[in-house]
Amino acid sequence: MAPTPDFEQMWRDLAPVGRSASSGGYFRQPWTAAESELRSWFAEQCAARGLVVEIDGIGNQVAWWEPSDPRADVPGVLTGSHLDSVLDGGAYDGPLGVASALAAIDTLRARGFEPGRPLGIGVFVEEEGSRFGRACLGSRLVTGATTWDEARELRDRDGVFLADAVTEAGHDPSAGLLSLDRVGTFVELHVEQGRDLVDRGVAVGLASEIWPHGRWRFDFAGQANHAGTTRMEDRRDPMLTYAMTALAANKQARLAGQRATFGRIAVEPNGTNAVPSLVTAWLDARASSDAGLAEMVEAIERQADDRAGRDGTSLTVTAESVSGSVGFDAGLAARLAGLGDWPVIPTQAGHDAGILSDAGIPTAMVFVRNPTGVSHSPDEHAETADCLSGVEALADVLAELARPGAPT
Ligand code: HGY
Ligand code: MN
Ligand code: MN
């Protein structure tokens, strides 16, 4: 086999794909040219390593390193992550887990490791939900948490149906979805999206849990009118109701020690000299418990409703993507943490690992230090030395899970 690119070369090869010349951020939305280029890159890297790549009807991929002993067709170990990004996102969120998985297999081979069970790398599409609004859409479809009949009706900001975007990108949804039947354990390496590891002064950690989180669409309807001739007391201005709701959400989150963000808004008709008729805003809310999340969202909705009553506007709230709390397999986390004395820490970020864990697959996450904690931003960063420590840690984890005779 020809020499395969090491981690740093893979990272250099990925750097320009979908990168904005102005912001330096990434636009790797699913079923677009940039993300398709990454999907091809992954298939090439797997082929170069003799891994048999499978792609499903919507673009999810899995590649397996088969044990030389055919009797070892026992539940396999899957690692991997996603290649799509948020709008103007960072380089590491997603691709670090995929490049590290490829590099970890190279490391295991360099160590002379022979897997005692199938060892695979998976890449799930639309993890960010940045185009069709449903987080972890690829892994939800594969696990059945979302059905294709429901998902196909999702539309992006341009009104394109999911089914059309998938087929226009060259996939055939009727070909079906990946099967996870062979997967006994899933491990996702991910850049930490927070400051826990950097504050502890360590390069690698494991995940204990994912906070429950979700996305709610708030439609504030008012009355379009002239920005100049309409007296202030005669207005039914949905922008006002939205603005007060954004303030209320921020206050609720701060008071409760949770997280709430309105990061996306659409205004109709979006004219400078007109009171809007409609303001649509999306709330991203996250909390340390399912009850806390429900309580906070209810409080925000209640205050928005009250304000709408005073503004003469109306409000409709629609839950678009909700993910319950995830507690990763504690025994698995403890067993793996012992490999490197790694801390086991919570995260407020959603991951495909959470979806597979919800589907009953014992799952772990390996975090790599993020020196600033910044993520979902062109400023997202991880030091090369820490990325390489992550590769070594992932190789240790995969060796522990896939070695001959490893307990399932
Ligand atoms: O939004 C999230 O929690 C994750 O980064 N997809
Ligand atoms: Mn991610
Ligand atoms: Mn993300």
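Each ligand, and each atom within it, is numbered from 1 in the order the structure gives.
P75 has its side chain within reach of R117: a pair of non-hydrogen atoms, C-beta onward, lies under 4.5 Å apart. Residues L332 and T185 meet the side-chain proximity criterion, which asks for heavy atoms closer than 4.5 Å.
When heavy-atom distances to ligand 1 are checked against 4.0 Å, the residues falling inside are D93, E127, E128, Q193, R286, A349, G350, H376, ordered by chain and number.
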Step-by-step side-chain contact (heavy atoms from CB on, under 4.5 Å) determination, D84 to V125: CA-CA 7 Å; D84 64 294; V125 293; 5.9 Å; no
Check against salt bridge (Lys or Arg N to Asp or Glu O under 4.0 Å), R39 and E35: CA-CA 6 Å; R39 184 176 291 112; E35 192 245 8; 2.9 Å; yes
Please determine whether side-chain contact (heavy atoms from CB on, under 4.5 Å) holds for the pair I105 and L51, giving the CA-CA distance in whole Å, both sets of side-chain angles, and the decisive distance to 0.1 Å. CA-CA 10 Å; I105 284 191; L51 307 180; 4.1 Å; yes
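Checking side-chain atoms of S321 against main-chain N and O of R215 turns up no donor-acceptor pair under 3.5 Å.
Seen from the ring of W282, R264 counts as a face-on cation partner, given the 6.0 Å and 45° thresholds.
Judged by distance alone, the side chains of R307 and Q303 never bring a donor and an acceptor atom under 3.5 Å apart. Using modelled atom types, one finds a donor on one side chain and an acceptor on the other under 3.5 Å when comparing D93 with H376.
Protein N/O/S atoms nearer than 2.8 Å to the Mn ion (ligand 2) total 3.
To the nearest 0.5 Å, atom CZ of residue F42 and atom CG of residue L14 are 11.5 Å apart.
When the Mn ion (ligand 3) is compared with the N/O/S atoms of H376, atom NE2 turns out nearest.
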